[in-house]
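Here's the structure we're looking at; comments come further down.
What you see below is based on every heavy atom in this structure, not just the backbone, and it leaves out hydrogens, waters and symmetry mates.
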Amino acid sequence: MAYDPGAIDATLAAAVGDEPALIAELREAFLDSVKRGLAVLEAAEGDAAWRAAAFRLRGLAASFGAVRLMAIATEAAESDAQDAGLLRRLRRAVERL
């Protein structure tokens with residue numbers, strides 16, 4: 001699955017138009033939300049909490065066109081809680097945003 005670094009900015013531009021300052025502000029808010037979502041996933045205790053956090057992260061990623069993050073979060077939602085390999089992949093995907 002390819003990573004499209006412009007997808008998030010394109011999604012934001014479609015929502016707010018040609019407002020670079022607003023796009024930058026919304027992008028920063030998105031990144032903060034993603035980091036908080038990842039922290040919730042990392043702290044999740046039990047399968048239900050893990051799955052719920054993974055689905056929230058997936059929904060956030062989908063809303064902004066972060067395809068790779070969305071795919072990995074979907075995989076996490078379907079896996080065992082606290083899968084170390086998936087957490088590493090999610091952290092890497094977030095770093096690449």
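Summarising the geometry, atom CG belonging to Leu26 is positioned 10.5 Å from atom CD belonging to Glu19; distances are rounded to the nearest 0.5 Å. Here CG of Asp83 is found 8.0 Å from CZ of Arg88. Values are rounded to the nearest 0.5 Å. With rounding to the nearest 0.5 angstrom, the CG atom of Leu86 is 9.5 Å from the CG atom of Asp80. Remark: Arg92 CZ to Ile72 CD1 distance equals 7.5 Å, nearest 0.5 Å.
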Using the side chain to side chain contact (heavy atoms under 4.5 Å, CB included) rule, take Leu97 and Phe64 through it: C-alpha gap first, then chi angles, then the decisive distance, then the call.
CA-CA 11 Å; Leu97 293 173; Phe64 286 85; over 6 Å; no
Evaluate Leu57 against Val40 for side chain to side chain contact (heavy atoms under 4.5 Å, CB included), listing each step before the verdict.
CA-CA 9 Å; Leu57 191 57; Val40 169; over 6 Å; no
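Summarising the geometry of Ala81 relative to Gly46, their closest heavy-atom pair is CB-O, 3.8 Å, with the distance given to 0.1 Å. Annotation for Leu90 and Ala73: closest pair CD2-N, 3.9 Å, computed over non-hydrogen atoms.
Among residues at least two apart or in separate chains, there is no side chain to side chain donor-acceptor pair (under 3.5 Å) pair with a member in residues 44-59.
Under the salt bridge (charged side-chain N to carboxylate O under 4.0 Å, His left out) criterion, Glu75 pairs with Arg89, sequence neighbours left out. Taking the salt bridge (charged side-chain N to carboxylate O under 4.0 Å, His left out) definition, one finds that Glu42 meets it with Arg91, sequence neighbours left out.
Two different hydrophobic clusters hold Phe55 and Met70 under the rule that ILVMFWY side chains link at heavy-atom gaps under 4.5 Å.
Between the Gln82 side chain and the Leu41 main chain, a donor and an acceptor come within less than 3.5 Å of each other.
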